[in-house]
Amino acid sequence: MQKFQSVRGMHDILPEEIPQWREVEETFRRVCARANFSEIRTPVLEHTDLFARASGESSDVVVTKQMYSFDGLDGDSYTLRPEGTASVVRSFLQHSLGERGPVTKLFYIFPIFRYEAPGAGRYRQHHQCGIELLGASGPSADAEVLALARDFLNELGVFPTLKLNTLGTRESRRAYVEALRAHLEPNRERLSEDSKRRFELNPLRIFDSKEPRDHEALVGAPRLLDHVREHDAESSKHFDELCGFLDELEIPFEIDHNLVRGFDYYSRTAFEWVSDKLGAQSTVLGGGRYDGLVEELGGKPTPGIGFGCGIERLLLVRAASEAPPIEAERLTAFVVALGNAAKAAAPRLVRAVRQSGLSCDYDLATRAFRKQMDEANRSKARFALIVGDDELAQNAVALKDLDEGTQTMLSLTEACQLMKK
RNA sequence: GCGAUGGUAGCUCAGUUGGUUAGAGCGUCGGAUUGUGGUUCCGAAGGUCGUGGGUUCGAGACCCAUUCAUCGCCCCA
């Protein structure tokens with residue numbers, strides 16, 4: 001008989017892990033709702049063209065073929081979403097969400113797929129929660145997004161470091177890329193293989209490299225921020241104003257001159273929250289401004305900014321931190337039935353307790369009294385509701401507090417009232 | 001895609017230079033115990049030793065391949 005296994009890089013989330021997942025999701029929904037963001041859910045599958053167009057030809061996701069793409073029966077190519085933003089913007093355009101007002105604030109929680117080598121904190125299917133803020137170009141929008149991200153992380157008891165940089169506009173970056181190429185040209189042959197490829201397609205990404213030889217080549221290279229300061233007054237002002245907002249909001253950050261982004265559509269603000277608890281994969285939450293994307297996807301020019309946060313990584317960071325573990329909600333009552341009459345009455349009793357709004361369970365294996373008590377104990381129930389011939393005769397139940405060991409005889413209604421507080 | 005390490009019961013692991021019938025703790029199930037749980041005692045079930053091939057009289061151990069996981073490179077959340 002064949003043994004079935006989940007596919008490589010894709011993992012089950014087991015019952016004992018669910019409470020912490022729910023905690024993350026509920027915290028995120030709460031923080032988003034407070035800031036007036038609305039949830040959006042989009043299909044896992046999109047036309048491949050959407051991601052190819054959104055990411056740009058030079059994006060690593062496209063170049064290194066990390067997309068889960070396949071041909072449908074109709075001959076079209078489909079892809080499991082490798083990122084959230086493109087799907088959300090597609091939906092934004094398809095349903096003209098931008099016509100409802102100047103600013104659109106959306107959030108999502110959904111799985112992401114990338115065909116890459118799995119490792120700790122890196123999966124072929126992982127989950128991201130994120131937001132997209134469309135229609136606002138000013139630095140206050142950036143501050144809004146960063147403040148939300150920070151509150152979300154902190155409320156989960158996680159305190160990574162915020163790194164910030166500016167990429168300038170698409171136009172000003174063009175000149176920077178040429179300057180960077182000019183600087184790297186003499187050392188071009190000494191670059192790593194990946195960086196040689198990047199030199200042609202997207203030299204910015206060489207900053208991401210951890211290869212020492214690439215870093216040597218970058219010594220003395222012009223810095224993005226300096227270039228923006230000198231040639232892009234608008235972006236420079238935007239960056240300064242954002243830093244001012246962050247100071248006012250008391251959100252600490254570090255400027256990281258090597259911080260660039262994988263997708264072509266990013267402009268100006270780029271940021272990442274990084275943790276030293278994740279090994280090679282240090283980014284917990286990352287995002288930035290993408291003022292050119294909506295137009296690229298066929299909409300009218302619309303600024304946008306957002307982030308994506310990897311839930312698996314967030315949980316890894318949280319587990320390695322001081323934050324208290326998240327416990328499952330406790331079962332309130334466990335019914336213990338003694339004798340045939342009581343066992344026959346048990347389903348009705350259990351249902352009555354549940355209908356009163358309390359959680360309640362009982363032993364469906366109908367075992368000996370002792371075993372039922374064992375089961376009540378194991379279920380971590382707060383109370384045992386014991387029913388035998390005596391109780392049936394008096395139309396009552398014995399309510400036992402399993403933490404205290406105390407026990408009282410009373411009517412079912414009284415017992416329910418007592419358990420509710 | 002590349003390199004390193006690992007895979008023995010549900011879980012955590014032991015298993016001597018290659019030598020009879022592969023063990024422990026925890027957990028599970030049953031009993032002591034059909035009117036009171038957590039403790040204790042007794043017993044049982046549970047393994048094609050990741051998978052496939054090879055070497056050998058003999059492989060959990062050695063060799064090759066493969067798969068999955070972990071760590072690093074790469075890339076990203």
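Proteins get letters first, then strands, A, B, ... in listed order; numbering begins at 1 in each. Being a predicted model, the structure only gives us computed values, none of them experimental.
Within 4.0 Å (heavy atoms only), A/L402 reaches at least one base atom of the nucleic acid. Heavy atoms of A/Q407 sit under 4.0 angstrom from at least one base atom. If you check every strand for non-hydrogen atoms under 4.0 Å, A/G339 touches nothing. A/G388 comes within contact range of at least one nucleobase, with a heavy-atom separation under 4.0 Å. Base engagement by A/A117 is indicated by at least one non-hydrogen atom pair under 4.0 Å involving a base atom. Among the heavy atoms of the strands, none lies under 4.0 Å from A/R124. If you check every strand for non-hydrogen atoms under 4.0 Å, A/I386 touches a base. Contact annotation for A/Y123: base contact, defined as any heavy-atom pair under 4.0 Å involving a base atom.
Comparing B/G37, B/C68, B/U34 by their closest approach to the side chain of A/Q5 singles out B/C68. Among the nucleotides B/G38, B/A69, B/G31, the one closest to any side-chain atom of A/N377 is B/G38. With distances taken from any side-chain atom of A/L338 to the nucleotides B/U34, B/G35, B/A77, the minimum falls on B/G35. When distances run from any side-chain atom of A/R313 to the nucleotides B/G30, B/U34, B/A77, the shortest one goes to B/A77. Considering only the side chain of A/Q128, B/A77 comes nearest among B/U36, B/A77, B/G37. Across B/G38, B/A77, B/G30, the shortest atom-to-atom separation from the side chain of A/K371 is found for B/G30. In this structure, of B/G37, B/C29, B/G35, it is B/G37 that holds the atom nearest to the side chain of A/M373.
Nucleotide B/G38 holds its C1' atom 10 Å from the NZ atom of A/K400, rounded to whole Å. Whole-Å rounding puts the A/H11 NE2 to B/C68 P distance at 11 Å. Distance CD (A/E17) to P (B/C11): 14 Å, rounded to an integer number of Å. For A/R382 and B/G38, the CZ to P distance is 18 Å, given to the nearest whole Å. Atom CE in A/M409 sits about 15 Å away from atom P in B/G35, given to the nearest Å. If you measure from atom CG of A/L364 to atom P of B/C29, you get 14 Å, rounded to the nearest angstrom. A straight line from CD1 of A/I206 to P of B/C73 spans 18 Å, rounded to a whole angstrom. As a whole-Å value, the separation of A/D390 CG from B/U36 C1' is 13 Å.
Comparing the P positions of B/C62 and B/U8 gives a spacing of 15 Å, expressed to the nearest Å. Across B/G60 and B/U17, the matching C1' atoms stand 16 Å from one another, rounded to whole Å. Taking atom P on both nucleotides, B/G52 is separated from B/A61 by 13 Å, rounded to a whole Å. Between B/C71 and B/C49, the two C1' atoms lie 25 Å apart (nearest whole Å). If you take atom C1' in B/A9 and the same atom in B/G27, they sit 11 Å apart, rounded to whole Å. One C1' atom belongs to B/A22, the other to B/U48, and the distance between them is 13 Å to the nearest Å. Using atom C1' as the reference point in both B/G18 and B/U56, the two lie 9 Å apart (nearest Å). Taking the C1' atoms as reference points, B/G46 lies 15 Å from B/A24, given to the whole Å.
The partner of B/G3, taking Watson-Crick or G-U wobble pairs whose two distances both stay under 3.5 Å, is B/C71. Remark: B/C41 base-pairs with B/G31. Criterion, Watson-Crick or G-U wobble with two distances under 3.5 Å. The nucleotide B/U55 finds no pairing partner, because no Watson-Crick or G-U wobble arrangement with both distances shorter than 3.5 Å includes it. Pair assignment for B/G47 gives none, since no Watson-Crick or G-U wobble pairing has each distance under 3.5 Å. In this structure, B/G23 and B/C13 make a Watson-Crick or G-U wobble pair, each of the two defining distances being under 3.5 angstrom. Under the Watson-Crick or G-U wobble criterion, with both distances below 3.5 Å, B/U36 is left unpaired in every strand shown. Nucleotide B/G18 is matched to nothing when pairs are restricted to Watson-Crick or G-U wobble geometry with both distances under 3.5 angstrom.
Classification of A/R90 and A/D49 as a salt-bridged pair fails, no side-chain N sitting under 4.0 Å from a carboxylate O. Of the charged side-chain nitrogens involved, none lies within less than 4.0 Å of a carboxylate oxygen, so that A/K105 and A/E132 do not count as a salt-bridged pair. Remark: A/R170 engages A/E296 in a salt bridge, criterion side-chain N to carboxylate O under 4.0 Å. Ion pairing between A/E39 and A/R29 holds under the 4.0 Å rule for side-chain N and carboxylate O.
Applying the 3.5 Å distance criterion, the base of B/C29 shares no donor-acceptor pair with the side chain of A/R367.
Within the 4.0 Å cut-off from OP1 or OP2 of B/A69, at least one side-chain nitrogen or oxygen of A/R8 is found. For the OP1/OP2 pair of B/G30 and a distance below 4.0 Å, the side-chain nitrogens and oxygens of A/R370 include no atom meeting the criterion. One finds a side-chain N or O of A/R378 lying less than 4.0 angstrom from the OP1 or OP2 phosphate oxygen of B/U28.
The 12-atom threshold is exceeded at CZ of A/R367, counting heavy atoms of other residues, nucleotides or ligands nearer than 6.0 Å.
Between A/G287 and A/T406, the one whose closest nucleotide on RNA chain B sits nearer the 5' end is A/T406. Residue-to-nucleotide proximity on RNA chain B shows that, of A/E391 and A/G9, the 5′-proximal contact is made by A/E391.
Cation-pi geometry between A/R289 and A/Y266 is not satisfied (NZ or CZ under 6.0 Å from the ring centre, within 45° of the ring normal). The side-chain tip of A/R81 points at the ring of A/F110 from less than 6.0 angstrom away and within 45° of straight on.
For the residue pair A/D226/A/H257, the side-chain donor-acceptor check at 3.5 Å is not satisfied.
Ring geometry for A/F271 versus A/W273: interplanar angle over 60°, hence perpendicular rather than tilted (30 to 60°).
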